[in-house]
Amino acid sequence: MADPTAEAVPFPGHRVTLGADRPMRLDSGAELGPFEVAYQTYGTLNEDRSNAVLVCHALTGDHFVLDRHPVTGKSGWWEMMVGPGKPVDTDRYFVICSNVIGGCMGSTGPKETDPATGQPYGLNFPVITIGDMVRAQKLLVEHLGIDQLFCVIGGSMGGMQVLQWAVAYPESVFAAVPIATAARHSAQNIAFHEVGRQAIMADPEWCGGGYLLEDRRPRAGLAVARMAAHITYLSEPALHRKFGRNLQNRQSVTYGFDADFQVESYLRHQGITFVERFDANSYLYITRAMDYFDLAADHGGVLANAFRPQGKTTPVRFCLASFSSDWLFPTSESRAVVHALNAVAANVSFVEVRTDKGHDAFLLDEPELHQVIRGFLDGCAEHRGLARRRAP
Amino acid sequence: MSPLDDTASRLAARSARDIRFDLKLIADMVEPGSRVLDVGCGDGALLEVLTREKGVDGRGIELSMDGVHQCVARGLSVIQGDAETDLKDYPAGAFDYVILSQTLQAMREPRAVLGHLARIGRRAIVSVPNFGYWRIRLQLLTRGRMPVTKNLGYQWYETPNIHLCTIADFVELVRDMGLRVERSVIVNRAGRITGSDHGWLANLMGEQGVFLVRGD
């Protein structure tokens with residue numbers, strides 16, 4: 001959709017200034033505004049503005065759902081799920097995805113310029129939460145003139161945002177699809193994030209967070225953070241299937257600390273390519289936002305209460321999906337959400353997809369997942385009175 | 001054919017005529033427009049008919065992943081779960097009907113499950129195979145072996161049916177729990193309704209019974 005107020009940016013998509021009249025109040029108590037949100041849209045908004053789908057991206061994702069990535073040149077990150085004829089069908093739905101605040105692909109985050117100082121925010125950027133990310137998305141959706149989203153969908157941290165949307169704005173969400181996610185970040189996941197953050201902060205190039213001013217980059221630290229995290233996105237069987245104990249371009253081990261094994265080489269590559277596209281401080285801020293996520297905490301410690309706005313059962317229709325080999329956001333986390341939804345007799349579907357691909361399965365070719373989500377969305381579209389797919 | 005056309009044809013394909021006979025009997029007991037929870041909903045055959053033809057707000061629980069996938073992919077609200085552990089989550093009176101079809105006998109604790117059905121639903125609809133059916137009695141009497149019938153086709157060592165009962169047993173359990181059988185339909189081997197009475201003759205002639213149970 002052409003947005004006349006959106007500012008042109010060097011890469012695909014739009015950018016809009018929000019919170020200009022009134023700064024957005026963050027969960028920390030700090031205020032942010034005005035701030036920028038970079039976003040992309042696909043498909044066409046229908047006349048009664050009822051076919052909008054908000055896609056929420058994960059920790060290191062961005063709004064280039066279907067576009068070639070402006071930095072890496074790789075194809076869009078969710079082309080399996082979104083697009084013409086795909087489960088989230090852009091011939092039928094108007095798809096919106098925005099870069100989260102605190103991110104580094106165009107939305108206001110630690111690497112952007114602080115209007116108060118004229119310098120990059122760095123660690124002066126306020127700590128943000130999943131709730132704050134969603135608050136910013138709500139302002140964007142209102143800016144686009146949409147009262148109710150037909151669906152909010154996302155995996156991992158994107159799934160946290162989906163849950164947050166359903167809890168914070170139940171009347172503004174018709175259907176919610178949280179995939180491979182949890183209602184709170186587990187101790188183990190916080191621990192992994194802390195390892196990543198410590199790796200970044202231990203890098204002297206981090207400069208106490210002020211590396212941009214010094215024209216330096218904590219590449220080694222960020223790469224290690226990515227390597228550690230990347231292991232958690234896979235599964236042992238998947239790693240074994242892909243690499244086993246295979247050696248990298250050599251006949252025998254070298255009795256040294258080169259990347260003898262293919263799996264080492266693969267991880268190093270993951271680390272090195274990541275630092276080209278991601279800002280280290282953004283990584284600190286966004287992992288922190290995930291750590292702080294705990295939906296039940298704001299509702300007396302009872303998750304079910306989060307789905308009982310004003311004492312009534314949430315009107316949102318849910319479809320949760322988890323993956324059998326995901327040990328970062330295991331099925332038990334999704335099931336805890338399902339149990340809470342059952343406790344208020346909410347409308348919920350839940351499937352565990354059998355796969356050995358681990359947490360990252362939500363980004364991959366998983367026909368079972370896509371079939372289930374297509375069926376769920378078709379059913380919801382019928383209830384919402386959305387027209388069938390347009391004839392080609 | 002687009003995937004949507006495919007879904008539409010699959011949805012259109014199933015009507016009340018096509019579903020299992022005992023499921024049709026259950027469907028007949030459900031008031032249009034009501035809220036229904038189908039426990040052990042399988043591939044969603046009953047839920048689909050109830051949704052399409054009676055406009056119910058239907059939900060399901062299914063143990064098998066294949067069943068859950070089929071249900072959700074055709075737009076039904078179904079969760080993967082186990083009746084014996086998950087029913088306790090649901091609040092009292094959340095549904096007009098809670099359905100348990102041909103599954104009570106496979107539960108570890110049928111009495112507790114029946115209690116949950118009656119708590120969650122204003123009414124429970126339960127269908128059970130009748131172990132007092134004359135052919136079963138005859139097999140045990142004449143051959144002295146655990147009966148294997150068309151309806152209960154398992155050998156004793158492999159059967160999931162660990163808590164079989166007769167119609168008389170079921171009716172007594174209902175009474176014992178302070179519940180009431182509001183309606184019953186007894187079905188014979190040919191799939192014909194033999195009556196609505198659940199006395200001794202039904203217990204001999206019926207191969208299965210469908211009961212509408214309420215908790216007052």
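Protein chains get the first letters and strands the later ones, always in sequence-line order, with residue 1 at the start of each.
The distance from atom CG of B:Asp86 to atom CG of A:Asn342, rounded to the nearest 0.5 Å, is 7.0 Å. In this structure, the separation between OG on A:Ser322 and CD on B:Gln80 is 8.5 Å, given to the nearest 0.5 Å.
Within the 4.5 angstrom heavy-atom criterion, only side-chain atoms of A:Cys319, from C-beta onward, approach chain B. Within the 4.5 angstrom heavy-atom criterion, only side-chain atoms of A:Val338, from C-beta onward, approach chain B. Of the two parts of A:Ala321, neither the backbone nor the side chain holds a non-hydrogen atom closer than 4.5 Å to a non-hydrogen atom of chain B.
For B:Phe21, the CZ atom counts as densely surrounded, since its 6.0 Å shell holds more than 12 non-hydrogen atoms of other residues, nucleotides or ligands. In the displayed structure, B:Glu158 atom CD is contacted under 6.0 Å by more than 12 heavy atoms of other residues, nucleotides or ligands. For B:Glu172, the CD atom is loosely surrounded, since the number of other residues' heavy atoms within 6.0 Å does not exceed 12. For B:Asp82, the CG atom is densely surrounded, since the number of other residues' heavy atoms within 6.0 Å is greater than 12. Counting heavy-atom neighbours within 6.0 Å of A:Gln148 CD, excluding the residue itself, gives a total above 12.
Considering only heavy-atom pairs separated by less than 4.5 Å from chain A, the leading option among B:Ile120, B:Val72, B:Leu76, B:Ile61 is B:Val72. Comparing A:Gly379, A:Ala304, A:Ala343 by heavy-atom pairs within less than 4.5 Å of chain B, the highest count is held by A:Ala343.
Counting all heavy atoms, side chain and backbone alike, B:Val68 lies closest to A:Phe350 at CG1-O, 3.3 Å. Taking both residues in full, the closest heavy atoms of B:Gly81 and A:Arg335 are given as CA-NH1, 4.0 Å, listed atom of the first, atom of the second, then distance.
Counting only distance, with no hydrogens or angles, the side chain of A:Arg317 and the backbone of B:Ser77 share no donor-acceptor pair below 3.5 Å.
Residues B:Asp57 and A:Asn347 form a side-chain contact, since some pair of their non-hydrogen atoms from C-beta on lies under 4.5 Å apart.
No hydrogens or angles considered: a donor-acceptor pair under 3.5 Å links the side chains of B:His69 and A:Glu368.
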